[in-house]
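Here the structure is laid out as structure tokens; the discussion comes afterwards.
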Protein chains: 2
Amino acid sequence: MVQGAQRETIDLAVSTVIFALRPAPDGGSPTLWIPLVRRIRQPYEGQWALPGGRLRYSESLAEAARRNLKETTDLEPKYLEQLYAFGDPERSPGDRVVSIVYWALVHAEQADRVAEGENVRWFVADELPDLAFDHNGIIDYALWRLRNKVEYSRIAHALLGETFTLSQLRSVHEAILRRSIDPANFRRQMEATGGLVATEAVVTGGRHRPPRLYRYDEDVDMADNGPLGPRAS
Amino acid sequence: MVQGAQRETIDLAVSTVIFALRPAPDGGSPTLWIPLVRRIRQPYEGQWALPGGRLRYSESLAEAARRNLKETTDLEPKYLEQLYAFGDPERSPGDRVVSIVYWALVHAEQADRVAEGENVRWFVADELPDLAFDHNGIIDYALWRLRNKVEYSRIAHALLGETFTLSQLRSVHEAILRRSIDPANFRRQMEATGGLVATEAVVTGGRHRPPRLYRYDEDVDMADNGPLGPRAS
DNA sequence: TCAAAAGTGTTCCAATTACACCCATGC
DNA sequence: GCATGGGTGTAATTGGAACACTTTTGA
């Protein structure tokens with residue numbers, strides 16, 4: 001890039017806030033985690049940031065998000081949705097970058113596949129260090145959207161595997177909303193909204209009554225995104 | 001622009017879906033209208049499209065939206081919010097354009113100031129012709145967002161002037177939602193959610209009991225956009 | 001038999017809805 | 001008066017929250 005001479009071009013990037021459910025740092029109850037990547041060039045060299053990159057000429061915005069997730073963290077999300085376009089002129093020192101940010105949910109088994117290292121690491125979503133650019137604010141907004149959306153849609157399923165117990169599903173809600181939920185009422189709500197399919201299997205081995213395994217009806221969309229449709233990702 | 005040789009650059013545009021409330025075409029009850037501009041160059045030359053234009057180097061996304069509204073239709077919206085970023089590679093024949101779309105609400109007096117002509121015209125929001133690009137789909141999504149948001153926020157005020165009667169506010173809701181609302185319950189709901197301030201004035205001249213005029217408490221945000229805040233526009 | 005979580009039943013409370021009714025004005 | 005919309009009152013319905021209770025397993 002030419003130094004001094006202002007090129008006045010606007011760069012277009014696609015980044016993604018990835019959520020996964022993992023045990024708390026002390027080994028306790030499930031908690032929201034986010035994988036971040038270390039910046040290897042200026043600005044903000046060495047600081048942690050959202051995974052992202054330039055949009056290529058012939059890929060859609062969602063394709064760019066998926067490609068980048070695969071490249072940087074090897075993750076393939078079960079749910080992906082556009083979050084917001086951030087374009088403040090001052091958000092990247094020295095140049096002008098408009099970032100179209102997506103947010104994604106991956107389930108725990110996927111999350112464990114991420115090779116942590118010097119440049120990729122998981123962080124507890126509510127205890128982040130100072131990140132590059134405006135990424136702390138972006139994650140705050142993604143968390144807000146997630147916490148809103150989990151109350152009126154079925155996205156929580158995307159953080160679990162193929163089958164799950166109602167306890168597990170409830171603990172997903174509890175981890176996201178950071179409050180305990182009455183098991184009885186939770187069960188009825190889930191059964192009422194539909195999309196839950198009881199399987200024949202139960203989980204044995206616990207020292208209590210074996211819970212039934214459920215799966216998610218794939219014919220029902222996880223979230224109603226209106227005219228954008230389920231492929232709005 | 002160089003013909004034939006693919007430059008592979010991605011253009012970044014900002015467009016806006018503008019809503020205003022005006023009498024129905026037959027002179028009847030208030031209806032949602034949208035101003036569109038005629039395209040004066042290829043592609044889609046001669047067809048109607050959303051007002052918009054290139055993002056400039058030193059303006060924010062919302063500033064670009066406001067500037068363009070002012071330039072093309074002379075409107076200054078009371079409410080402005082980002083809708084979505086549309087970036088399908090096929091959405092603009094011949095080149096690659098990512099459009100960051102905003103949606104806006106203007107009140108009726110403002111709307112009447114728009115100079116309609118060969119290249120600017122109002123259309124009933126639910127009866128649009130075939131528009132340029134993917135703009136029909138974009139407006140469908142904006143309508144969906146508007147209809148959702150009017151039920152859990154106070155944005156309806158932005159379609160009215162400084163003061164208004166509860167009847168007028170109710171007819172805004174009815175126009176957006178396309179169903180009739182019980183006046184008694186509507187009144188209580190509005191009073192309960194707060195933000196409404198009764199003035200001393202009433203409207204005389206009707207052949208019935210004069211309704212009280214209300215105004216909107218400016219200290220209360222029209223919509224809760226979370227960490228993005230009220231200046232998320 | 002006991003502990004623990006699964007799962008069911010019931011009560012209470014708040015919000016929404018439907019609709020009856022009174023009020024104030026112009027004609 | 002009486003028609004018209006403004007404005008108030010109230011009962012019925014709904015959905016959620018709280019919590020008691022029964023069931024089924026492992027130890």
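Proteins get letters first, then strands, A, B, ... in listed order; numbering begins at 1 in each.
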**OP:** Would you mind reading off the distance between Leu213(A) atom CG and dG7(C) atom C1', rounded to a whole angstrom?
**Re:** 15 Å
Original post:
Can you name the side chain to side chain donor-acceptor pair (under 3.5 Å) partners of Glu71(A), sequence neighbours left out?
Top reply: Arg67(A)
Original post:
Tell me: CD of Glu151(A) to C1' of dG16(D), nearest whole Å?
Top reply: 12 Å
Original post:
How about Glu162(B): does its CD atom have over 12 heavy atoms from other parts shown lying under 6.0 Å from it?
Top reply: no
Original post:
Do NZ/NE/NH1/NH2 and the carboxylate oxygens of Glu76(A) and Lys70(A) come within less than 4.0 Å?
Top reply: yes
Original post:
Can you check the Arg170(A) CZ to dA4(C) P distance for me, whole Å?
Top reply: 16 Å
Original post:
What is the distance from CD of Glu191(A) to C1' of dG9(C), rounded to the nearest Å?
Top reply: 13 Å
Original post:
Should Ser167(A) be listed as having a side-chain N or O under 4.0 Å from OP1 or OP2 of dA5(C)?
Top reply: no
Original post:
Atom CZ of Phe186(A) to atom P of dT8(C): distance rounded to whole Å?
Top reply: 15 Å
**OP:** For the residue pair Tyr216(A) and His157(A), categorise the inter-ring angle as parallel (less than 30°), tilted (30 to 60°) or perpendicular (more than 60°).
**Re:** tilted
Original post:
Would Asn148(B) and Arg145(B) count as having a side-chain donor-acceptor pair, cut-off 3.5 Å?
Top reply: no
Subject >> Per-nucleotide protein contact string for nucleotides 17-27 of chain D (B base, S sugar-phosphate only, - none; heavy atom under 4.0 Å) >> reply: BBB---BBBS-
**OP:** To the nearest 0.5 angstrom, please state how far the CG atom of Leu131(B) sits from the CD1 atom of Ile34(B).
**Re:** 8.5 Å
